[in-house]
Q: 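Dropping the structure in here first, questions after.
Only heavy atoms go into these numbers, but all of them, side chains included; no hydrogens, no water, no symmetry mates. Owing to the predicted nature of the structure, the values given are computational and were not obtained by experimental measurement.
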Amino acid sequence: MDRLGGLGAGLAIALENFFPPLPSEVILPLAGFAAGLGSFTLVSALFWTTLGSLLGAIGLYGLGRAVGEERIRRIVDRMPLVDVADLDRTAAWFHRHGGKSVFLGRMIPLFRSLVSIPAGITRMPLWRFAILTAGGSLIWNTVFVLAGYHLGQNWTRIEPYASGFQRIVIAVVVVAVGVLVVRRLLRRRAQSRDLER
């Protein structure tokens, strides 16, 4: 950011889509702090970070589109504890609720990047994906950039709250996956007992 200004903030956020260990919850407040120091303007920080979010998301969208639904079906068919019917239900759900998922997903850690892939797989129109992604990203980015801008040198105070939120999201995902796996194992065990009879 010191060398490239707002463009540097945008590049960092674009890379965050592909490398989640680069957390936007740290990059964005830092961009706000840099804007407060006069390295670039607040409007520039918001523009470049939102553009970076959009470009990174479009890259993942393109990946999902290139892989396609048929190839995903072949992969899922070989995976243990996953049925192709699960994929069909997920795709049907995404066709119905994909717009909300893309928009709101841009404001949830972990899902911020991942939501772009099913959008590409299900071939959501690129213009719609771009509008929803830009809108959700602008809201997320504005919250963190403004926090860094107003907190100044204390911008690092945001990180514990963002990390706490991320831990909650991870815990919910782990519990949900655990419940899904246990239910699937119990159902398969019951089916194997029925076949033995």
Q: What are the two closest non-hydrogen atoms of L46 and V145, and how far apart are they?
A: CD2-CB, 3.8 Å
Q: As an exercise, state the distance from CD1 of I139 to CG of L104, rounded to the nearest 0.5 Å.
A: 8.5 Å
Q: What distance do F144 atom CZ and I13 atom CD1 have between them, rounded to the nearest 0.5 Å?
A: 10.0 Å
Q: First locate atom CH2 of W127, then atom CG of L132, and finally report the distance between them rounded to the nearest 0.5 Å.
A: 8.0 Å
Q: Would you say the side-chain atoms of N141 pair up with the backbone N or O of T49, donor to acceptor, closer than 3.5 Å?
A: yes
Q: Looking at S39 and A35, would you say the former's side chain and the latter's main chain have a donor-acceptor pair under 3.5 Å?
A: no
Q: Would you say F47 and I131 are hydrophobically clustered, going by side-chain heavy atoms of ILVMFWY under 4.5 Å?
A: no
Q: What's the separation between atom OG in S53 and atom CD in E16, rounded to the nearest 0.5 Å?
A: 7.0 Å
Q: Looking only at heavy atoms, what is the nearest atom pair of F40 and A45, with distance?
A: CE1-CB, 3.5 Å
Q: Side-chain contact, heavy-atom cut-off 4.5 Å: R106 with S116?
A: yes
Q: Can you measure from CG (L60) to CZ (F129) and round to the nearest 0.5 angstrom?
A: 7.5 Å
Q: For A9 and I27, work out which heavy atoms get closest and say how close.
A: O-CG2, 4.3 Å
Q: W48 and L138: same hydrophobic cluster, using ILVMFWY side-chain contacts below 4.5 Å?
A: no
Q: For a 4.5 angstrom cut-off between non-hydrogen side-chain atoms, does M107 reach W140?
A: yes
Q: OG1 of T133 to CG of L54: how many Å apart, nearest 0.5 Å?
A: 6.5 Å
Q: Quick check: does any side chain N or O of Y61 sit under 3.5 Å from a backbone N or O of M124, one acting as donor and the other as acceptor?
A: yes
